[in-house]
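Notes follow the structure.
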Amino acid sequence: MDPEYVSELIDEFVADLAPDVRRPIPPTAALKDVGIDSLSLMDLLSLLERRTGVEIPDDALPEISTVQDLLDHLAAARPRV
């Protein structure tokens, strides 16, 4: 999985959600600091899963609080069936 591509998808998502947030969003950014709450995180994960063809298990959600956490989970995710 290309982390640069995923970062671009995250940037696009945040641009729609919170246009005033400066981009590119650094990997260390807390999701809540860029306008991503628990509901929008579910939307973002759905988008990323569709675009990348992988699936992040629901039990991983509590572990995802930064962009880097999200990138790490996507890198370790299994392909969708």
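Only this structure's heavy atoms are used, side chains among them; waters, hydrogens and symmetry mates stay out.
For the atom pair CD (E49) and CG (L74), the distance works out to 8.0 Å, reported to the nearest 0.5 Å. To the nearest 0.5 Å, the span separating OG on S65 from CG on D33 amounts to 10.0 Å. Atoms CG and NE2, on L45 and H73 in that order, are 10.0 Å from each other to the nearest 0.5 Å. The CD atom of E12 lies 8.5 Å from the CG atom of L47; values are rounded to the nearest 0.5 Å.
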Check your understanding: What do the steps show when you test S7 against I25 for side-chain contact (heavy atoms from CB on, under 4.5 Å), and what is the final call?
Key -> CA-CA 8 Å; S7 293; I25 298 168; over 6 Å; no
Check your understanding: side-chain contact (heavy atoms from CB on, under 4.5 Å) between L9 and Y5: does it pass, once the steps are laid out?
Key -> CA-CA 6 Å; L9 291 174; Y5 172 67; 3.5 Å; yes
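Without hydrogens or angle criteria, R23 side chain to V21 main chain gives a donor-acceptor distance under 3.5 Å. Side-chain atoms of D69 come within 3.5 Å of backbone atoms of T66 as a donor-acceptor pair (strictly under, hydrogens ignored).
Using modelled atom types and a 3.5 Å distance limit, the side chains of D43 and S46 yield no donor-acceptor pair.
Of all the heavy atoms in A60 and I56, the pair that sits closest is CB-CG2, 3.9 Å. Residue G35 comes nearest to S40 through the heavy atom pair O-OG, 3.8 Å, listed as atom of the first residue, atom of the second, then distance.
Evaluated for a side-chain contact (heavy atoms from CB on, under 4.5 Å) with V14, the options L44, I36, L31, V67 yield exactly one hit, I36.
A heavy-atom distance below 4.5 Å is found between the side chains of M42 and L61. V34 is not listed as a side-chain neighbour of I10, based on a closest heavy-atom distance of 4.5 Å or more.
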